[in-house]
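Bear in mind the structure is a predicted one, so any value in this text is a computation, not a measurement. Letters A, B, ... are given to chains in the order of the sequence lines, protein chains preceding strands, and every chain is numbered from 1. Keep in mind that the numbers below use all heavy atoms, side chains included, and drop hydrogens, waters and symmetry copies.
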Amino acid sequence: GAGVSQSPSNKVTEKGKDVELRCDPISGHTALYWYRQRLGQGLEFLIYFQGNSAPDKSGLPSDRFSAERTGESVSTLTIQRTQQEDSAVYLCASSLGQGGEYFGPGTRLTVT
Amino acid sequence: AQRVTQPEKLLSVFKGAPVELKCNYSYSGSPELFWYVQYSRQRLQLLLRHISRESIKGFTADLNKGETSFHLKKPFAQEEDSAMYYCALRMNTGFQKLVFGTGTRLLVSP
């Protein structure tokens, strides 16, 4: 089947606007992650969903960031009142909870 | 707190030369260690994990708990090995999120 997909692939937005990024994990994968990768930097953990457990939100940088997941399916990452420092590639990954994670192609967000 | 350190941002070698990409970690428990690779214009993908003790594309990595290291090695680099390599750690308790290093770009020249 298809791998992890993300949409949009690219998003340019004006400072102060809200954006919503979408992730479709591999069917049956119980674990879902969001990471952020700023230019020239490593992957920064944002949030982790595992089954029906409460998500680990410890990586969200501010209260402007939030994420939801519908059951073990689609997840959306919302950034409110975007700032220029939010510009990055946002990566989603899913897994069965153990073993390696499968990554999506990412959404490149540019805040002007 | 758990941390993964990759001291080299760029490693440049000639084809056929040995390669070692360094990774050190800090974690008080027994972690699970991974190497991920991202080739140009492709998505990030798992290369190998320490518990499998396997060799993928000629790469191996041994977990050294004494030195808290998980260096990636290949005896003879190939041009197609050029890519970004990320070391990652998963805790074995609580939320098992992956923590990544900052990555090393490997450039293999002909």
query = Which of residues 100-110 of chain B have a heavy atom under 4.5 Å from any heavy atom of chain A?
reply = Phe100(B), Gly101(B), Thr102(B)
Set of residues satisfying salt bridge (charged side-chain N to carboxylate O under 4.0 Å, His left out) with respect to Arg38(A), sequence neighbours excluded = none
query = So with a 6.0 Å cut-off around CZ of Arg3(B), is the heavy-atom count from everything else above 12?
reply = no
key: Tyr36(B) reachable from Val4(A) in the ILVMFWY side-chain graph, under 4.5 Å edges   = no
inquiry  = With a 6.0 Å cut-off (strictly less than), is the heavy-atom count around CZ of Phe14(B), excluding the residue itself, greater than 12?
reply    = no
request  = Can you establish whether the number of heavy atoms outside Leu10(B) located under 6.0 Å from its atom CG is more than 12?
outcome  = yes
query = Hey, is the main chain of Val99(B) close enough, under 3.5 Å, to the side chain of Tyr35(A) for a donor-acceptor pair?
reply = no
task = Measure Glu44(A) against the heavy atoms of chain B and call it side chain, backbone, both or neither at under 4.5 Å.
result = neither
ask   = Roughly how far, to the nearest 0.5 Å, is CG of Leu98(B) from CZ of Phe45(A)?
value = 9.5 Å
task = Group every Ile, Leu, Val, Met, Phe, Trp and Tyr by side-chain heavy-atom contacts under 4.5 Å, then state whether Tyr39(B) and Ile56(B) land in the same group.
result = yes
remark   = Residue set satisfying salt bridge (charged side-chain N to carboxylate O under 4.0 Å, His left out) with Lys74(B), at least two apart, ordered chain then number -> Asp81(B)
inquiry  = With heavy-atom distances below 4.5 Å as the criterion, would you say the side chains of Tyr86(B) and Gln37(A) are in contact?
reply    = yes
key: All salt bridge (charged side-chain N to carboxylate O under 4.0 Å, His left out) counterparts of Arg43(B), not counting sequence neighbours   = none
task = Supply the atom-to-atom distance Gln38(B) CD to Leu43(A) CG, rounded to the nearest 0.5 angstrom.
result = 8.0 Å
ask   = Between Tyr102(A) and Gln45(B), does any side-chain donor sit less than 3.5 Å from a side-chain acceptor?
value = no
task = Mark yes when over 12 heavy atoms from residues, nucleotides or ligands other than Glu14(A) sit less than 6.0 Å from its CD; otherwise mark no.
result = no
